[in-house]
Enquirer: 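Before we start, here is the structure in question, set down as structure tokens.
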Amino acid sequence: MIRAFLAVLVAVVAVVAGGCNYFNQSPAVLWYRASTSATALHSLFTLPQEHVDSFLKSYEIFEKEAYDSPEDAKNIVNYYQVINHLCAVGDLEKMYIPPVTDLNNGIFANQMEWEEKGMADKLDVGPGKKVLEVGCGRGRIAHHVASYTGAEVTGINIDPSQIAMAKNYAEAEGILGKTLNFKLANYNDPLPFANETFDALYHVQALTYAQDLKALFTEMNRVLKPGAKISFLDWFKLDKYNPEDKHHQHLLKEVKAVIGAVKTPSAEEYHTALRETGFEVLFSGEASIDGGHQWPLVQKADLFYTTFKSIVDTLTTFHIIPAHLKVLLERLVEGGQSFVEADKLGLFTTSYQIIAQKPAVKR
Ligand SMILES: *[C@@H]1O[C@H](CO)[C@@H](O)[C@H](O)[C@H]1NC(C)=O
């Protein structure tokens, strides 16, 4: 009964939000999206108060520019164990705004297209190959890469609740332990794999919590076979960002809280660390079409969540749904327009891709 009510709520939100291209998808995708939304809403309704409190407190980490204490790791888990449900209600289950591949499509379709053509195709993997995803969240990107390429994908993540969800879904689909594996691990610790295990590696907007880039890349290099390729999709500051400009500083602070970023590095920092740890950089640049502006997709997400929020505001006024949902959504939609503005100004990007390779022969 409650599921049916939630599904209707999601459908209403989707219709009202209109421009989100929710219905312009195949029935299978539509069913997957609707059931994911309903499950996420159910998790949000039944969220323990302590998770709500620790989520709100976790935002202190986005005031920082360095990830460096055990307290930070706790905040990250507290943030993700709630935000993943908020994101999954809408088109953001995979928790990233994808590079733009086609503006006639919604966020979900752009993610699918980019994960195939923009990322998986460039890793040169297929059946019998092993791929590592660092910071896999609920495991849906890994699931897609495994089914698309036929390779065996292993995802690691710091949040036990998301690893459990990733495993459950893979199990239900019958591929857990076959082409899909998940492991609870913090990428700031030594990676829990033997030398030269993987044929490729990728991450999607996950490295903002890296404590020591060189240590992390050294570990990545160690677990990769010679010749293995890596793809990073990252949040970087761009040349137009002026650290002295007060408005730029304000936008940075707001966007970091929306996307859950701590460090805002430049692409050069990554190039240097990659080269120093034995990688060769093959490509470095914007992954979005037409010069890299993602704001039309951000706008779609913002429209969905602000619409959803106004429905929730109304329902909480009549005590139809728990009040904490309103508080959570207030936090989520804060800064959405700053994200759009910063992207239009070209100050930062969340769609910068680096492709690198561990040389085939030791040098
Ligand atoms: C694994 O690689 C590291 C450095 O890349 C090396 O120091 C270590 O001895 C290797 N371990 C094994 C078991 O070969």
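Both ligands and their constituent atoms are indexed starting at 1 by order of listing.
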Enquirer: Using distance alone, determine whether Asn195 and ligand 1 share an N or O pair under 3.5 Å.
Expert: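 Yes - when backbone and side-chain N and O of Asn195 are compared with those of ligand 1, one distance drops under 3.5 Å.
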Enquirer: Check the side chains of Glu254 and Ser338 for a donor-acceptor pair under 3.5 angstrom, ignoring hydrogens and angles.
Expert: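 Present: a donor and an acceptor within the cut-off.
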Enquirer: Could any protein non-hydrogen atom be found less than 4.0 Å from atom 7 (O) of ligand 1?
Expert: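 Within 4.0 Å of atom 7 (O) of ligand 1, no protein heavy atoms are found.
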Enquirer: Does a side-chain N-to-carboxylate-O contact under 4.0 Å join Glu219 and Arg222?
Expert: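 Salt bridge flag = yes for Arg222 with Glu219.
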Enquirer: What's the shortest distance from atom 5 (O) of ligand 1 to any protein heavy atom, and which residue and atom give it?
Expert: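 Result for atom 5 (O) of ligand 1: Arg222 CG, 4.0 Å.
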Enquirer: Considering only heavy atoms from C-beta outward, does the side chain of Asn84 approach that of Met165 to under 4.5 Å?
Expert: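 In short, these two side chains touch, coming nearer than 4.5 Å.
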Enquirer: According to a 4.5 Å side-chain heavy-atom criterion applied to Ile, Leu, Val, Met, Phe, Trp and Tyr, with indirect links allowed, do Ile163 and Ile83 form part of one hydrophobic cluster?
Expert: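 They do not share one cluster, since no chain of ILVMFWY contacts under 4.5 Å joins Ile163 to Ile83.
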